[in-house]
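Here's the structure, in structure tokens; my notes come after.
Note that ligands are numbered from 1 as they come in the structure, with each ligand's atoms numbered from 1 the same way. Quick caveat, the model's predicted, so the values are computed rather than measured.
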Amino acid sequence: MKEKVDFSLVIPVFNEADNLGELIRRCLLVCRNHGGSFEIILVDDGSSDGSDAMISQAAKTYGREVIGVILNRNYGQHAAVMAGLAQSCGDIVVTLDADLQNPPEEIPKLLEEMRKGFDVVGTIRTSRRDSWFRKFASSLINYVVRRTTGVMMHDYGCMLRAYRRPIIEAILQCREHSTFIPILANSFAGKTIEISVAHDPRLQGDSKYSLLKLISLQFDLLTSMSTFPLRLLSFLGTIVALCGMAFGVFLLVMRFYMGSVWAAQGVFTLFAVLFVFIGAQFIGLGLLGEYIGRIYQDVRDRPSYFVSQVVTGEEKDGSVTSLETARPSTETHSLIRE
Ligand code: UDP
Ligand code: MG
């Protein structure tokens with residue numbers, strides 16, 4: 001079995017050959033200076049520019065400090081991070097991007113916060129160095145996520161984040177294919193905090209996200225957090241149907257006051273009827289959505305709750321015993337399925 005380390009870095013890499021040298025150099029420097037045992041896990045996500053060979057070489061050169069995980073093709077950033085998390089054995093796991101937009105020099109700040117007992121440390125990018133389109137799309141999505149999940153994090157897009165081991169174990173128990181790790185982690189986290197970190201322009205190359213890939217990522221994000229978009233259908237339907245009914249009543253009343261000419265010989269009435277029917281269809285769709293949402297939740301098979309400690313009062317002196325002291329540490333945090 002792999003020896004435990006104090007912290008692991010997990011970095012997804014897709015065609016980042018121009019950045020890898022600098023990335024590994026800066027990460028090693030930061031980790032060695034910080035103290036404690038560590039591992040840097042570089043996950044090659046099916047690169048075609050020789051990144052995989054560079055990662056293998058680094059793993060051979062730096063021994064235990066660098067671990068390479070090579071995927072056989074491109075699966076996407078979050079799948080690559082998942083593969084890295086599965087290999088990690090740090091008590092704390094920090095994820096970051098390979099293009100050096102997240103400066104590795106910020107990692108000690110996150111580790112410092114983790115020492116205060118948080119499960120997840122998120123980050124807010126100060127003076128974000130991306131295009132206005134990316135910034136706008138990101139703030140819109142962050143707003144929707146905040147409103148629908150109720151988790152008051154401001155920047156879900158920044159992958160420079162730290163997670164405690166039990167949260168990683170919880171994430172790894174989830175078998176879903178399309179996922180968005182920061183949201184998934186937050187669904188298991190009790191104590192979270194966000195800190196400000198610097199954000200640099202990409203060191204070399206272009207973003208690995210085309211517009212299509214970006215849209216697909218936003219859908220992963222929306223669907224991974226909740227079945228809220230499905231519920232929106234019933235909500236919209238109810239509003240349309242209510243508007244139609246109100247319109248119908250309005251027409252009826254006005255018809256008596258103003259006579260048949262005012263009602264355009266019944267054309268308006270048709271509109272009111274149409275509104276009610278369209279609304280009813282939406283409500284029907286929404287109801288179907290509710291069922292599909294429940295099926296979706298069951299298929300994803302996420303753990304339905306997460307026990308971090310069991311406390312008993314069985315000791316003679318009356319003090320509480322936590323699993324942490326009563327059992328081997330591997331059993332401290334257990335995930336229990338329904
Ligand atoms: N990435 C990946 N697989 C992909 C796309 C991206 O592993 O299919 C990695 C990429 O190498 C980088 C991180 O994910 O380390 C973030 O990608 P990028 O910087 O292109 O995203 P952006 O900063 O434009 O959101
Ligand atoms: Mg980037």
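Taking a 6.0 Å sphere around CZ of Phe282, one finds it holds 12 or fewer heavy atoms contributed by other residues, nucleotides or ligands. In the displayed structure, Asn72 atom CG is contacted under 6.0 Å by more than 12 heavy atoms of other residues, nucleotides or ligands.
Ser207 lies apart from the Mg ion (ligand 2) in this respect, since none of its N, O or S atoms is found at a distance under 2.8 Å. Inclusion of Asp99 in the first shell of the Mg ion (ligand 2) is supported: an N, O or S atom falls under 2.8 Å.
Using a cutoff of 4.0 Å between basic side-chain nitrogens and carboxylate oxygens, Glu113 and Lys116 are scored as salt-bridged.
A donor-acceptor pair under 3.5 Å is absent between the side-chain atoms of Asp119 and the main chain of Thr192, judged by distance alone.
Of all the atoms in ligand 1, the ones that sit under 4.0 Å from a non-hydrogen atom of Ala98 are 12 (C), 15 (O). Contact atoms of ligand 1 toward Lys213: 4 (C), 5 (C), 8 (O) (distance under 4.0 Å to a heavy atom of the residue). Short contacts between ligand 1 and Gln77, defined as distances under 4.0 Å to a heavy atom of the residue, involve ligand atoms 1 (N), 2 (C), 3 (N), 4 (C), 7 (O), 8 (O), 13 (C), 14 (O), 16 (C). Less than 4.0 angstrom separates some heavy atom of Val13 from each of these atoms of ligand 1: 7 (O), 11 (O). Annotation for ligand 1: atoms under 4.0 Å from non-hydrogen atoms of Asn74 are 3 (N), 4 (C), 8 (O).
At the shortest separation from atom 23 (O) of ligand 1 among protein heavy atoms lies Gln101 OE1, 2.8 Å. Of the protein's non-hydrogen atoms, the one nearest atom 5 (C) of ligand 1 is Lys208 CB, 3.6 Å. The protein heavy-atom contact nearest to atom 25 (O) of ligand 1 is Arg134 NH2, 2.6 Å. Taking atom 19 (O) of ligand 1 as the reference point, the nearest protein heavy-atom neighbour is Asp99 OD2, 2.6 Å. Nearest protein heavy-atom neighbour of atom 1 (N) of ligand 1: Phe14 CB, 3.7 Å. Here the protein heavy atom with the shortest distance to atom 17 (O) of ligand 1 is Tyr209 CE1, 3.9 Å. Nearest to atom 24 (O) of ligand 1 among the protein's heavy atoms is Ser207 OG, 2.5 Å. When hydrogens are left out, the protein atom nearest atom 3 (N) of ligand 1 is Asp45 OD2, 2.6 Å; that is the closest non-hydrogen contact.
The aromatic rings of His34 and Phe7 stand perpendicular to each other, their planes meeting at an angle above 60°, with 30° marking the opposite boundary.
Contacts between Asp97 and ligand 1, counted as non-hydrogen atom pairs separated by less than 4.0 Å, involve both the backbone and the side chain. With a heavy-atom cut-off of 4.0 Å, Glu16 touches ligand 1 through its side chain alone. Only the side chain of Arg202 comes within contact range of ligand 1, with a heavy atom under 4.0 Å; no backbone atom does.
Counting only heavy atoms from C-beta outward, the side chains of Val81 and Val43 never approach each other to under 4.5 Å.
In this model, a donor atom of one side chain and an acceptor atom of the other lie less than 3.5 Å apart for Asp45 and Asn74. Side chains of Glu39 and Ser8: a donor on one and an acceptor on the other come within 3.5 Å. Judged by distance alone, the side chains of Ser37 and Arg64 never bring a donor and an acceptor atom under 3.5 Å apart.
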- Would you check, one step at a time, whether the test side chain to side chain donor-acceptor pair (under 3.5 Å) holds for Gln204 with Asp99? CA-CA 7 Å; Gln204 298 288 337; Asp99 57 356; over 6 Å; no

- Query: Run the salt bridge (charged side-chain N to carboxylate O under 4.0 Å, His left out) check on Arg164 and Glu169 step by step: do they pass?
  - Reply: CA-CA 9 Å; Arg164 205 168 282 287; Glu169 297 301 331; over 6 Å; no

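Between Ala80 and ligand 1, no pair of N/O atoms sits closer than 3.5 Å.
Evaluated for a side-chain contact (heavy atoms from CB on, under 4.5 Å) with Val94, the options Val10, Asn102, Leu160 yield exactly one hit, Leu160.
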